[in-house]
Number of protein chains: 2
Amino acid sequence: MDTLDGLKTVVAVVETNSFTAASDRLGISKALVSKYVGEVENQLGIRLFNRTTRQLALTDSGRRYYEEAIILLEQFSAMVDNVTGEQTAPRGLLRISAPVTFGEMRLAPLLPKFIALYPDLTIELVLTNGAIDMLEEGIDVRLRIGGVDDSNMIARHLTNFPLVLSASPNYAKQHGLPTTPEQLGEHHCIIDSNFRIGKQWPFISPKGRAETINVQSGLAVNSPQAAREVAIADGGIAMTPNFIVADALADGRLLRVVPEYTTLEFGLFAIYPHRKYVAKKVRCFIDFVLDQFSK
Amino acid sequence: MDTLDGLKTVVAVVETNSFTAASDRLGISKALVSKYVGEVENQLGIRLFNRTTRQLALTDSGRRYYEEAIILLEQFSAMVDNVTGEQTAPRGLLRISAPVTFGEMRLAPLLPKFIALYPDLTIELVLTNGAIDMLEEGIDVRLRIGGVDDSNMIARHLTNFPLVLSASPNYAKQHGLPTTPEQLGEHHCIIDSNFRIGKQWPFISPKGRAETINVQSGLAVNSPQAAREVAIADGGIAMTPNFIVADALADGRLLRVVPEYTTLEFGLFAIYPHRKYVAKKVRCFIDFVLDQFSK
DNA sequence: ATTATTGTCAATGTAGTGTTGACAATGAGA
DNA sequence: TCTCATTGTCAACACTACATTGACAATAAT
């Protein structure tokens, strides 16, 4: 066993609270995780975990070991980065998390470019709209709508995405289209339940006056992609991020609704751990998405 | 190759400026030293050393690597010590340096007791009266007469050794013995060239008056042990540390000369690197010799 | 009560290990 | 200038360790 592999294995078990999950994270068999943890314990002459077949508890020594191990591993990575400087490209596995639709439509298409820039990196893209425990899942950097209120994390603002309203031409023919947000009350509206606004849709008039409209909705879905498909299928007026419907607006499958009014803008943030040393691979990725999204 | 073994190997090569000396220090073949250094360089993608068959030069990257590697290795050791706490005894190799005679007569006899206290330690005792480069020779702690004026080192005072004058009964019968230091000028004196005083022997009278006597000498030797043997063999009056001749004084082979007068006292110091973290094995040894020499 | 899952263990085919001896290159000494 | 000794590197090799796989006892979930 490599000494640092032993450290990493213990760290993974602590953070995932599971030998099995640790083996998944590390890409080794769970038998090897078990073996490595045992070897570290033997070398130190102490128990790091108390465990039965289905329970795992960290000992005090294990807690101390973990706290110092993560510092050591970080410093080892920092040393390698400092020593190699600009001479070498970032390498290893970079685990990125992003919201599903954004990841599919905006981030995934960019990744070949990123990989071309850094061929020694391996990317693992984890798309989810649910909550994420970055530590437990070993996520290096997470793109998300909105920042986080966590002092252990840095929230780096990348860009803003405006929300827009749209409906199909056929819906327009059948129901007409509202000329002011107030008229939305008489229309079928499609709710994206990922957003907290629900049925209270906020607007700013061309004159700058803010107002909130209660809309009717027979459909709520936690996927902007699905919301767009419903709108295209004459299902009503959808409020989605601009980029979701950009192509459908361009080719006429959807029409803008009350385009002179603006509604919300959501900020896109990169979230990563607040540490003295930020791994080169993380820094390179953040620089890349900053560059890509600032165009 | 274990990652930390790679670090240690590079550190040993830097500190000894030699693959061969590094292999001696580490107890592995020089081929393996060469292989490990090569593996570290491959993993980093940089050169640490520029080398021909007979020349070795550290690159800038190598210098940075070395500086960070020693910190990492120290912190790893500190982590192990901190995590295991008092649960485990110190282990590994402890390299101690001491002056030859002192080492033979006073330190070596104590080491079985130390080893009995800490059976997981391996001791390497390096006896020399010459200058020592602790870094190059990988010495953990050095006992020496007198401190050092080096801000990178700690000089921990252990005890004082007084110098005493002695001669054999047969010499006394043949030449008489001086009753004051002034009379030493008429006697054969044996010079220990380890001391800087040479032929200018300093004394303090019973009344506290300091004086320096020019003595005659037909013999100088850089071994207090040899000086004592010459004195026992009727060769003259020797000035040696008390402990050198304690047994011969006790059993009558040597007689004290001008015992009412005092001369120099030399301080015995433990010298070890000034670091935030002092290895447990070094701390245990220093505590041990403090305890042994304060009796 | 049954099923699924966890962490551990031993068997196993496979890969890597570290030493040895040889070598080219170079510095020291005569 | 020639010879010898030493250094760092390389490849061969017998040996050892490796990490996975499958099985298992124990336990939680259904």
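By convention in this document, chain letters (A, B, ...) are assigned in the order of the sequence lines, proteins followed by strands, and residues within each chain are numbered from 1.
- The environment of CG in A:D60 is sparse: at most 12 heavy-atom neighbours from other residues, nucleotides or ligands sit within 6.0 Å.
- Put simply, B:T20 has a side-chain N or O that comes within less than 4.0 Å of OP1 or OP2 on D:dG8.
- Contact between B:A98 and B:L107 at its shortest, heavy atoms only, is CB-CD2, 3.8 Å.
- Using a 4.0 Å cut-off on heavy atoms, none of the residues of residues 7-17 of chain B approach DNA chain D.
- Closest approach of B:L56 and B:S18 over heavy atoms only: CD2-N, 3.6 Å.
- Terminal axes of the helix from C:dA1-D:dT30 to C:dA30-D:dT1 (five pairs each, C1' rotation axis) are separated by 30°, to the nearest 10°.
- At the phosphate of D:dT27, neither OP1 nor OP2 sits under 4.0 Å from any side-chain N or O atom of A:Q55.
- At a threshold of 4.0 Å, the pair A:E41-A:R51 counts as salt-bridged, since one of the basic side-chain nitrogens sits closer than that to a carboxylate oxygen.
- Aromatic ring orientation, B:F114 versus B:F285: perpendicular (interplanar angle above 60°, classes split at 30° and 60°).
- In this structure a side-chain-to-backbone donor-acceptor pair under 3.5 Å is missing from B:R144 to B:A155.
- Considering all non-hydrogen atoms of both residues, A:A69 and B:M79 come closest at N-SD, 3.9 Å.
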Within the sub-3.5 Å range, which N or O atoms of nucleotides 14-16 of chain C have a protein N or O partner, and how far apart are they?
none

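- For the segment residues 56-67 of chain B, no residue has any heavy atom less than 4.0 angstrom from an atom of DNA chain D.
- Look at CZ on A:F49: it is 15 Å from C1' on C:dT6, rounded to the nearest Å.
- In this structure, B:R283 contributes its side chain and B:V278 its backbone to a donor-acceptor pair below 3.5 Å.
- A donor-acceptor pair under 3.5 Å is formed between the side chain of A:T84 and the backbone N or O of A:V80.
- Not a single donor-acceptor pair under 3.5 Å links the side chain of A:R156 to the backbone N or O of A:A270.
- Residue A:T16 comes nearest to A:A22 through the heavy atom pair OG1-N, 3.6 Å, listed as atom of the first residue, atom of the second, then distance.
- Between the CG atom of B:L26 and the P atom of D:dG8 there is a distance of 13 Å, rounded to whole Å.
- Of the possible donor and acceptor atoms, one in the side chain of A:K281 sits under 3.5 Å from a partner among the backbone N and O of A:L93.
- Within the nucleic acid shown, B:Y36 comes within 4.0 Å of sugar-phosphate atoms alone, with no base atom in reach, counting heavy atoms only.
- Per the geometry, CG belonging to A:D5 stands 18 Å off P belonging to D:dA17, to the nearest Å.
- Going from atom CD1 of B:I145 over to atom CZ of B:F269 covers 9.5 Å, rounded to the nearest 0.5 Å.
- Under a 3.5 Å cut-off, the side chain of B:T59 and the backbone N or O of B:L48 do form a donor-acceptor pair.
- A distance-only check finds no donor-acceptor pair linking the side chain of A:D120 to the backbone of A:P90 [under 3.5 Å].
- Counting only residues at least two apart or in different chains, salt bridge (Lys or Arg N to Asp or Glu O under 4.0 Å) contacts with residues 3-29 of chain B comprise B:E15-B:R25.
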Dump every N/O contact between nucleotides 9-13 of chain D and the protein below 3.5 Å, one line per pair.
residue, atom, partner, partner atom, Å
D:dT9, OP1, B:R51, NE, 2.2
D:dT9, OP1, B:R51, NH2, 3.2
D:dT9, OP2, B:S34, OG, 2.6
D:dT9, O5', B:S34, OG, 3.3

